[in-house]
Asker: 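The structure follows.
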Amino acid sequence: MEPVQKKKLYVEVLDRLMASISTSEFPPGSQLPSEKELMTMIGVGRPSIREAMLTLQQMGLIRISHGERARVINPTPEVIVDQVSAAMVMMLATNSRGLEELKEVRLLLETGLVRIATRRATAKSLERLAGTLRHLREAKGDQARFVTADMEFHAVIAEMSGNSMIAAVAKGMLEWLSRFKRDLVAVKGAERLTVEEHERIYKAIASGDAEGASAAMADHIGRANELYSKLAGNDGGD
C-alpha cells in the first residue's frame with residue numbers, strides 16, 4: 001500500500017484561494033488581498049503564495065498586473081480556450097498526429113454546429129454571414145485578407161449557434177488551424193473553390209436547410225483536408 005502523499009504547501013494555498021473564489025468571497029472583477037495580507041491570513045511564506053497565484057493565473061482565474069493586486073477573472077469559455085491555445089499550437093507543431101486529429105474534430109464539430117446555426121438563424125445573423133461572404137470575394141488575390149475572411153465566415157456560424165461554449169471552442173480551433181494552413185489559398189483554384197463552397201453553405205443556412213448546410217460543410221472541410229494532405233509539409237488553407 002502506497003503511503004499518503006502530503007500536499008505541497010502551495011497546493012494547499014491554491015485550494016484555499018480557489019474555494020474563496022468559487023464561493024464568491026472574491027467574485028469576478030474583485031481584487032485579491034496583497035501577498036503580505038495573504039501570508040498573514042493563511043499563515044504561509046511568500047514563495048507558497050506566489051506559486052499559488054501563478055498557478056491561478058495559468059488557470060485563467062486571475063490576472064496579475066505589475067504594481068497592482070491580482071484581479072479575479074470571470075472564467076468565460078473564451079478565457080478558458082485562450083488559456084490552452086499556446087499549448088495546443090505547440091502540440092500541433094510537435095505531434096505528428098495532432099493536426100490530423102484536430103481536422104477530424106473540426107469535421108465533427110462544424111457539421112453539427114452548422115445544423116444548430118441554421119435552426120437558430122435570424123435576419124440579423126444572416127446579414128452578418130452574408131457580409132463575410134462579400135469580404136471573402138473582395139479578398140481574392142490577397143492571401144492574408146482571404147484567410148481572415150475565411151475564418152470570419154466560420155466564426156460567425158459558431159456565434160449563430162447561440163452556445164457560448166461551442167462558439168469559443170470552434171473559434172479557438174479555427175485559430176489553431178489557421179497557423180498551419182495559410183499557404184493553401186495560394187494554390188491555383190483554391191480561392192474560387194473556397195468561395196463557391198462558402199456560398200453553398202450560406203444558401204443552405206439562409207433557406208433553413210439544416211441537413212443541406214451540414215452536407216455542404218462536410219464537403220467543404222473534406223475538400224480542404226484532402227488538399228492539405230496533398231501539400232503535406234506546407235501550411236494550410238480552409
Asker: In Å and rounded to the nearest 0.5 Å, what is the CD1 to OG1 distance from Ile205 to Thr118?
Answerer: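 Atom-to-atom, Ile205:CD1 and Thr118:OG1 are 4.5 Å apart.
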Asker: Should Leu108 and Ile201 be regarded as members of a common hydrophobic cluster, given that ILVMFWY residues are connected when their side-chain heavy atoms come within less than 4.5 Å of each other, either directly or indirectly?
Answerer: no
Asker: Is it true that Glu100 and Lys103 make a salt bridge, defined as a side-chain N closer than 4.0 Å to a carboxylate O?
Answerer: yes
Asker: For Tyr10, check ring pair (Phe, Tyr, Trp, His ring centres under 6.0 Å) against everything at least two apart and list the hits.
Answerer: none
Asker: Looking at CG of Asp219 and CZ of Arg200, how far apart are the two atoms once the value is rounded to the nearest 0.5 Å?
Answerer: 7.0 Å
Asker: Hydrogens and angles aside, do Arg69 and Ser34 bring a side-chain donor and acceptor to less than 3.5 Å of each other?
Answerer: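 Short answer, no.
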Asker: Look at the side chain of Ser48 and the backbone N and O of Val44, then say whether any donor-acceptor pair between them is shorter than 3.5 Å.
Answerer: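 No; judged by distance alone, with no hydrogens or angles, the pair does not exist.
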Asker: So does Met39 have more than 12 non-hydrogen atoms from other groups sitting under 6.0 Å from CE?
Answerer: yes
Asker: Say you draw a straight line from CG of Leu109 to CE of Met217; how long is it, rounded to the nearest 0.5 Å?
Answerer: 9.5 Å
Asker: Cluster question for you: counting only ILVMFWY and a side-chain heavy-atom cut-off of under 4.5 Å, with indirect links fine, are Leu32 and Leu54 together?
Answerer: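 Each belongs to a different hydrophobic cluster.
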Asker: For Ala158 and Ala167, which heavy atoms make the closest approach, and how far apart are they?
Answerer: O-CB, 3.6 Å
Asker: Can you tell me if Ser65 uses its side chain to pair, donor with acceptor, with the backbone of Glu68 under 3.5 Å?
Answerer: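 Answer holds: no.
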Asker: Could you pull out the closest heavy-atom pair between Ala70 and Ile62, with the gap in Å?
Answerer: CB-CD1, 4.0 Å
Asker: Among residues at least two apart in sequence or on other chains, which ones pass side chain to side chain contact (heavy atoms under 4.5 Å, CB included) with Ser20?
Answerer: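 Per chain and number, Ser20 pairs via side chain to side chain contact (heavy atoms under 4.5 Å, CB included) with Glu25, Phe26.
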Asker: With a 4.5 Å cut-off on side-chain heavy atoms, are Ile42 and Ile49 touching?
Answerer: yes
Asker: State, to 0.1 Å, how close Asn163 and Arg120 come at their nearest heavy-atom pair, and which atoms those are.
Answerer: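 For Asn163 versus Arg120, the nearest heavy atoms are N-NH1, 4.4 Å.
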Asker: Ignoring hydrogens and angles, tell me if any N or O in the side chain of Ser214 forms a donor-acceptor pair with the backbone of Ala210 under 3.5 Å.
Answerer: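 No: the side chain of Ser214 does not pair with the backbone of Ala210.
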Asker: Taking CZ in Arg63 as the centre, count heavy atoms belonging to other residues, nucleotides or ligands within less than 6.0 Å. Is the count above 12?
Answerer: no
Asker: Got a second to check how far Leu113's CG is from Arg106's CZ, nearest 0.5 Å?
Answerer: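 Between atom CG of Leu113 and atom CZ of Arg106 there are 10.5 Å.
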Asker: For the residue pair Leu17 and Met53, what are the closest heavy atoms and their distance?
Answerer: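 Leu17 and Met53 have their closest heavy atoms at CD1-SD, 4.1 Å.
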Asker: Before giving the answer on salt bridge (charged side-chain N to carboxylate O under 4.0 Å, His left out), spell out for Arg192 and Glu196 the whole-Å C-alpha distance, their side-chain angles and the decisive distance to 0.1 Å.
Answerer: CA-CA 6 Å; Arg192 177 183 56 78; Glu196 290 175 356; 3.2 Å; yes
Asker: Between Arg223 and Thr194, does any side-chain donor sit less than 3.5 Å from a side-chain acceptor?
Answerer: yes
Asker: Search all heavy atoms of Ala204 against all heavy atoms of Ser207 and return the closest pair with its distance.
Answerer: O-OG, 3.0 Å
Asker: Is any side-chain heavy atom of Glu35 less than 4.5 Å from a side-chain heavy atom of Arg46?
Answerer: yes
Asker: Could you check whether any side-chain heavy atom of Phe153 comes within less than 4.5 Å of a side-chain heavy atom of Leu136, counting everything from C-beta outward?
Answerer: no
Asker: Looking only at non-hydrogen atoms, find the nearest pair between Leu126 and Ala206 and report the distance.
Answerer: CD2-CA, 3.9 Å
Asker: By side chain to side chain contact (heavy atoms under 4.5 Å, CB included), which residues pair with Lys140, not counting sequence neighbours?
Answerer: Phe146, Glu191, Val195
Asker: Measure the CD-CD distance between Glu159 and Glu152 for me, rounded to the nearest 0.5 Å.
Answerer: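 Glu159 atom CD to Glu152 atom CD measures 9.5 Å (nearest 0.5 Å).
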Asker: Looking at Ile157, is its backbone amide N or carbonyl O close enough to the side chain of Ser161 to form a donor-acceptor pair, meaning the two atoms are under 3.5 Å apart?
Answerer: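 Flag not set: sc Ser161 to bb Ile157 has no pair under 3.5 Å.
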Asker: Once the angle between the rings of His220 and His198 is folded into 0 to 90°, is it parallel (under 30°), tilted (30 to 60°) or perpendicular (over 60°)?
Answerer: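 Judged by the thresholds at 30° and 60°, the geometry between His220 and His198 is perpendicular.
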Asker: To the nearest 0.5 Å, tell me how far Leu14 CG sits from Thr55 OG1.
Answerer: 5.5 Å
